[in-house]
Amino acid sequence: MTEHGQHEHSHGHADGHADGHGGHSTHGHAHTTDAELADTLELDALILGSYLMDATAWAAQLLPEAPATIIDVGAGSGAGTLALARRFPKAQLTALDKSAEMLDRTLDAAANSGFGPRTTSLRADLDCGWPASAAADLFWASSSLHELADPEKTMSEMFAALNPGGVLLVLEMDALPSFLPETLAQDSAVEPGMEGRLHEALAARGWNHYPDWTAGLEGAGFAVERRHFPTEGSTTPELAARYGRAFLGRMASALEGSASPADLASLALLLGDGPESLERRGDLVVRGHRTGWAARKL
Ligand SMILES: C[S@@+](CC[C@H](N)C(=O)[O-])C[C@H]1O[C@@H](n2cnc3c(N)ncnc32)[C@H](O)[C@@H]1O
């Protein structure tokens, strides 16, 4: 452990506290674990991961040359780390996260994909300051900036640490992933519009809450471009149901009575084992849109 709460880390031990996919760590995540979050993130990347190809290509276009060093900031279970390793076959990658369990998942995934020799991890809590040793040509921060206590301060620290000519690529979900079609079957007992209302209830608890990062990034010194990545997942009904169960299950724990009884009853139908369950209904459509900010240090 160094003065900033960092650990150089290869394969550490789980520290098992709660955080949010698109949420803020201090709001309403008390009953979900890093392992559940990691499962959700992996299914998200599997089903909605086309933005990873698009956003890594965007970074490649903006960099003056292929990056030698990359840091995945708030790497989670490593979806970004793997996509970056594929896009930039010569780069050395560092997965940075405050969670040892997440870093273990990322290192395992990198090793299983043949990227082990190019991937290391750095355990650090960015709320304690940017790690002194963490410089690179490309920083990648996907669904992580909004979890920080003082994102503007971290953006300034990242600007200072980024190599000249480098890029910070920030990604956020525009809305939480959704699973039901716009129109439900007439005899469905699920309340129409319940997903949107549950998302609003979660937003009130801080889930996926973030501003347009443009002003903050420009204030830190970056030249900024913004882009939208719409994604409708094409997947099998089985995988859609697995992702739905992982995500809606986390939602149900976080909501804990803070939505209408009718909407919570609908959620229980989806998570139950009756004919309206995720596995048996057969009408799931997974959607998840993202916005990206490419911030250059000119
Ligand atoms: C919602 S996950 C996103 C993971 C991954 N980037 C993705 O898009 O799939 C956010 C990650 O940021 C990490 N994180 C949150 N606050 C952090 C902090 N203060 N310092 C370092 N990592 C942090 C969490 O542990 C978690 O793995």
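One-based numbering, in listed order, for ligands and for the atoms of each.
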Can you find an N/O atom of [X] closer than 3.5 Å to an N/O atom of ligand 1?
X: Ser142; result: yes
X: Ser99; result: no
X: Gly74; result: yes
X: Ala79; result: no
X: Ser143; result: no

Contacting atoms of ligand 1, where contact means under 4.0 angstrom from a heavy atom of [X]:
X: Asp127; value: 19 (N)
X: Gly76; value: 4 (C), 27 (O)
X: Ala75; value: 4 (C), 5 (C), 6 (N)
X: Ala124; value: 20 (N), 21 (C)
X: Met102; value: 27 (O)

Restricting to heavy atoms, the pick from Leu103, Asp150, Asp97 nearest atom 26 (C) of ligand 1 would be Asp97
Atom 14 (N) of ligand 1: of His146, Arg123, Met173, Glu147, the nearest heavy atom sits on Glu147
The complete set of salt bridge (charged side-chain N to carboxylate O under 4.0 Å, His left out) pairs with one or both residues in residues 178-198, sequence neighbours excluded, reads Arg197-Asp263
Does anything in residues 209-223 form a salt bridge (charged side-chain N to carboxylate O under 4.0 Å, His left out)? List the pairs, not counting sequence neighbours.
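Output for this query lists Asp212-Arg226.
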Counting heavy atoms under 4.0 Å, the part of Asp34 that contacts ligand 1 is neither
So for Leu41 against ligand 1, with non-hydrogen atoms under 4.0 Å, the contacting part is side chain
- Query: Do Asp97 and Thr106 have side chains that get closer than 4.5 Å, going by heavy atoms?
  - Reply: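 No; the side chains remain at least 4.5 Å from each other.
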Report yes if some heavy atom in the side chain of Leu171 is under 4.5 Å from a heavy atom in the side chain of Phe229; otherwise report no.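 Yes, close enough: below the 4.5 Å cut-off.
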With Phe139 as partner, the option from Trp293, Phe159, Trp130 fulfilling ring-ring contact (aromatic ring centres under 6.0 Å, His included) is Trp130
- Message: For Phe247 and Tyr243, take the angle between the two ring planes, folded into 0 to 90°, and tell me which bin it lands in: parallel under 30, tilted 30 to 60, perpendicular over 60.
- Response: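 Ring orientation, 0 to 90° scale: perpendicular.
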- Query: Taking Arg87 for the side chain and Ala60 for the main chain, is one N or O donor matched with an acceptor at less than 3.5 Å?
  - Reply: no
Salt bridge [X]-[Y], side-chain N to carboxylate O under 4.0 Å:
X: Arg105; Y: Asp39; value: yes
X: Glu238; Y: Arg242; value: no
X: Asp54; Y: Arg290; value: no

Do any heavy atoms of Gly80 fall under 4.0 Å from ligand 1?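 So Gly80 does not count as touching ligand 1.
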